[in-house]
Novice: 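Questions regarding the structure given below will be posed in turn.
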Amino acid sequence: MANTQQSPPQLTTLEELEAENANLRVEIKRLNRQIKSMNFTMEQNKNAYVARSRVSATVLAEKSRQEKYLNLLLENSPDTIILLDRNGCFAYCTAAFLNLLNVSNFGLIDGAKFTEVFNDFGGTDFSKRVGCTLKRALESRKTIRDEETIDVDGKGSRRIYAIHITPMFDEANTFDGTMVLFHDTTDAVLAKRQAEDANSAKSRFLASMSHEIRTPMNAIIGMSDLMRVDNLDNLQQRYFADIKKMAKALLQIINDILDFSKIEAGKLELIPADFHLAELYDNICSMSKFTANAKELEFSSSIDASLPAAVYGDAVRFRQIFTNITNNAIKYTRKGSVSLALRRHAQGGREYIEFSVKDTGIGIKQEDMPKLFEVFSQLDLKKNKGIVGTGLGLSITKNLVSMMGGELKVESEYGKGSVFTVLLPLIEGDPDNIDRSNELARVMAKDDATVLVVDDNHINITVALGLLATHNISGNAADSGEQAIEKVKGKQYDIVFMDHMMPGMDGIEATKRIRGIKGEFYKRLPIIALTANAVTGARDTFIESGMNDFISKPIEPAQLNSVLAKWLPPEKIMFVNDTVKPTADAAQDVCDDGAALAFLDNAMLIDKLETLNDACFYGIDGNAAKMAAQLEDSVDDERIGGYFQEISRFVRELEYEKATEKIAEVLAILKKEQQKM
């Protein structure tokens with residue numbers, strides 16, 4: 001077979017050789033460029049590799065560092081942390097749990113079912129409870145918190161643990177295990193219990209001291225109201241008036257301390273009801289006007305006509321807030337004026353009652369503002385020398401405002417005066433629901449009404465019987481729980497007023513014994529707690545023990561009148577036209593132009609006469625003249641009207657001794673009338 005392989009074409013000409021050579025040089029250049037590009041790429045890849053290696057090393061180092069600190073965090077955590085897998089087997093636990101188990105290393109429990117481990121740790125019942133909690137946590141997909149007391153060493157040294165059980169889910173939201181955290185709360189719980197025990201002891205102390213202090217205060221104030229003064233000379237009457245005033249001041253201090261203690265313990269209660277805001281405001285203005293005038297201060301007030309006729313809230317605490325701020329302004333204002341304003345105020349989409357008091361008093365330094373509401377403190381002691389107070393009023397006021405969801409603001413310029421503004425939520429009330437029990441006509445009992453007063457303090461019995469006598473009730477007395485039971489067995493009483501704290505058998509036990517006597521009468525007999533215990537919750541305790549109602553000492557005439565109207569048999573009472581007003585809060589109706597004061601009862605008139613008597617005694621010319629003129633204009637009773645004309649004339653002529661003699665005569669008449677009521 002012939003060879004068919006052909007030889008490459010032969011270049012026969014010089015031109016062809018040169019052309020081929022040129023092509024080869026171009027190809028060589030192209031290849032050189034490719035080689036350079038490849039070398040550059042390789043260098044870049046080399047650098048990238050080195051960089052990646054360095055980054056990886058850094059990441060690994062950081063990861064190792066984080067893992068190290070995470071392990072340190074877990075192993076040094078005071079809490080016990082356990083991780084269970086989806087089957088409830090141990091996947092991890094901190095050293096704290098191993099120490100509690102007295103296990104040397106995790107490998108001994110790694111993969112063990114939690115029930116086996118918890119049986120040894122807290123017992124089978126504990127293990128079952130944890131299992132139920134695990135199930136609840138998984139079903140709710142939320143953390144569940146329980147509390148367990150565990151005898152961890154089996155020797156009776158029980159510890160209290162807060163146990164948090166949290167189900168864990170992976171990226172696909174599939175259950176992947178459980179975290180169990182044990183937090184030892186033993187010390188905190190014991191500290192809380194100790195604090196609660198201390199607070200309970202404090203409450204018991206306050207209850208006891210309230211009773212011990214208020215009991216003699218009840219006697220002092222009550223006997224003062226009942227005492228004749230027509231047989232005292234002028235100086236003795238002044239001393240007697242001072243005793244009454246200081247007794248009331250001391251009672252206010254006691255009440256402030258009790259209120260502050262209740263607030264501090266979180267036990268002060270708000271008792272909301274419908275009430276007339278305008279009436280409360282007028283009452284405060286009337287009392288404040290007289291006090292301000294006694295210091296020769298100008299006094300003005302205004303009220304927004306757009307405010308509703310009735311509002312819903314705690315009227316007692318409203319009064320306390322308004323009175324505290326107003327009295328504070330008058331107390332710290334030596335000259336100038338005090339003005340009150342009550343308005344409707346809108347803020348943040350809500351409506352408020354705005355109560356503001358502006359004064360021209362000493363003012364407050366800016367650096368003293370933070371201390372303004374501190375307890376037991378008085379600012380600028382040099383300027384305030386001689387001003388009496390506990391330093392609790394503003395602190396109590398601020399807390400009350402906060403409890404009501406309101407706001408208390410202060411603006412002041414030192415040496416020029418202050419403006420205190422209170423904002424309280426405005427909730428409209430129903431005028432038809434307003435309790436008028438304190439405005440009842442006076443209850444007068446018929447001769448067959450029977451009342452028993454039980455008290456181990458004979459002075460308190462005298463006061464109570466004296467107040468009952470003003471309602472035409474000649475009551476009986478018992479000085480112990482045992483004697484009360486015997487008297488109740490021997491006579492059917494309409495009401496029993498039962499003191500709480502008595503030696504031997506106290507009022508609660510005596511009430512239970514009376515309720516236990518056979519017969520329906522003893523189940524229905526009205527038993528009224530008569531006590532000086534003013535601590536929150538006392539009323540509930542008395543009601544739960546079988547008593548029907550509650551009166552605190554010192555006895556308020558209006559409260560006694562209300563109780564008699566409520567619990568005396570209807571056929572044994574009648575009502576007379578005059579109303580009974582609270583001793584401390586009896587209102588004075590003041591005309592809009594401030595022209596005349598109409599005193600509503602003898603008690604208020606006596607109080608104003610005693611104030612005028614003091615002004616005459618101390619020679620306070622302007623005050624005495626103003627008060628005498630007000631009394632002369634306001635009293636049109638023919639029996640005593642002439643006396644006030646003479647008193648006013650003597651005061652204008654600066655004949656204070658003659659004025660006080662006439663005042664003593666009027667006081668004697670009024671006191672004698674009170675004793676006949």
Side-chain angles (χ1 to χ4, degrees), residues 210 251-252 254-285 287-288 303-304 307-328 340 342-345 350-357 373 392-409 420-439 533-543 549-552 556 558-559 562-563 581-587:
S210 168
L251 182 63
Q252 183 58 51
I254 296 168
N255 290 337
D256 279 352
I257 293 173
L258 284 170
D259 274 349
F260 176 71
S261 299
K262 293 175 194 175
I263 291 171
E264 191 180 46
K267 293 185 177 181
L268 188 131
E269 299 173 352
L270 297 177
I271 306 175
D274 296 299
F275 69 95
H276 276 304
L277 180 64
E279 288 185 10
L280 184 148
Y281 181 74
D282 286 344
N283 174 234
I284 292 171
C285 289
M287 301 298 289
S288 302
I303 184 168
D304 189 343
L307 285 167
V311 298
Y312 184 77
D314 190 327
V316 173
R317 299 306 176 184
F318 265 76
R319 178 187 297 275
Q320 189 173 1
I321 291 169
F322 294 172
T323 301
N324 278 354
I325 292 178
T326 304
N327 288 348
N328 204 63
L340 277 61
L342 193 67
R343 308 182 187 91
R344 184 190 286 260
H345 177 83
R350 297 183 62 188
E351 285 202 306
Y352 293 86
I353 298 167
E354 180 187 283
F355 176 75
S356 64
V357 180
F373 299 104
L392 289 173
L394 284 180
S395 176
I396 291 171
T397 299
K398 184 175 178 62
N399 278 283
L400 288 175
V401 171
S402 179
M403 288 175 65
M404 292 181 178
E407 182 181 358
L408 174 57
K409 298 183 288 188
F420 282 74
T421 303
V422 174
L423 296 179
L424 296 174
L426 173 58
I427 304 174
E428 293 200 25
D430 184 352
D432 294 334
N433 291 336
I434 294 176
D435 180 13
R436 292 293 188 181
S437 60
N438 280 343
E439 299 177 13
N533 185 349
V535 175
T536 298
R539 181 187 183 92
D540 294 338
T541 301
F542 298 134
I543 300 301
D549 213 333
F550 171 96
I551 292 183
S552 62
E556 280 284 359
Q559 189 181 17
S562 177
V563 166
K581 296 293 179 180
T583 302
D585 298 324

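Values in this document were obtained by computation on a predicted structure and should not be read as measured data.
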Novice: If you round to the nearest 0.5 Å, how far is CE of M403 from CD1 of I321?
Specialist: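 Output value for this atom pair is 9.5 Å.
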Novice: If you measure from CG on L277 to CZ on F318, what distance do you get to the nearest 0.5 Å?
Specialist: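 These two atoms lie 7.0 Å from each other.
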Novice: Checking side chain to side chain contact (heavy atoms under 4.5 Å, CB included) for the pair D304/L342: CA distance, chi angles, key distance, verdict?
Specialist: CA-CA 6 Å; D304 189 343; L342 193 67; over 6 Å; no
Novice: Indicate yes or no for a side-chain donor-acceptor contact from D314 to the backbone of L270 under 3.5 Å, with no hydrogens or angles considered.
Specialist: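 Answer holds: no.
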Novice: In Å, rounded to the nearest 0.5 Å, how long is the span from CG of L280 to OG1 of T323?
Specialist: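 One gets 7.0 Å once the value is rounded to the nearest 0.5 Å.
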Novice: Any side-chain heavy atom of L340 within less than 4.5 Å of one from F322?
Specialist: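 In short, these two side chains do not touch, never coming nearer than 4.5 Å.
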Novice: Measure the CZ-OH distance between R344 and Y352 for me, rounded to the nearest 0.5 Å.
Specialist: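 That separation rounds to 14.0 Å.
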Novice: What is the distance from atom NE2 of H345 to atom CD1 of I353, rounded to the nearest 0.5 Å?
Specialist: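 It is 12.5 Å, given to the nearest 0.5 Å.
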Novice: Can any side-chain N or O of N324 pair as donor or acceptor with the backbone N or O of L394 at less than 3.5 Å?
Specialist: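 No.
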Novice: Listed by chain and number, what are the salt bridge (Lys or Arg N to Asp or Glu O under 4.0 Å) partners of R350, not counting sequence neighbours?
Specialist: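 Not a single residue meets the salt bridge (Lys or Arg N to Asp or Glu O under 4.0 Å) criterion with R350.
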Novice: Could you check whether any side-chain heavy atom of K409 comes within less than 4.5 Å of a side-chain heavy atom of S356, counting everything from C-beta outward?
Specialist: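 No, every pair of side-chain atoms sits at 4.5 Å or beyond.
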Novice: Do the non-hydrogen side-chain atoms of N433 and Y312 ever get within less than 4.5 Å of each other?
Specialist: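 The answer is no; the side chains never approach within 4.5 Å.
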Novice: Any chance you could lay out the side chain to side chain contact (heavy atoms under 4.5 Å, CB included) test for L408 and I325, step after step, and finish with the verdict?
Specialist: CA-CA 10 Å; L408 174 57; I325 292 178; 4.0 Å; yes
Novice: What closest approach, in Å, do L423 and V401 show between heavy atoms, and which atom pair accounts for it?
Specialist: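 The pair with the smallest heavy-atom distance is O-CG1, 4.3 Å.
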Novice: Side chains of F355 and T421: closer than 4.5 Å at any heavy-atom pair?
Specialist: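 A side-chain contact is absent here, since even the closest heavy-atom pair is not under 4.5 Å.
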Novice: What's the spacing between H276 NE2 and D282 CG if we round to 0.5 Å?
Specialist: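 Atom-to-atom, H276:NE2 and D282:CG are 11.5 Å apart.
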Novice: Taking all heavy atoms of A309 and all of P431, pick out the closest pair and write down the distance.
Specialist: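 What the structure gives for the nearest pair is CB-CG, 4.4 Å.
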Novice: Please give me the minimum heavy-atom distance between L424 and M404, naming the atom from each residue.
Specialist: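 Nearest heavy atoms, L424 then M404: CD2-SD, 3.9 Å.
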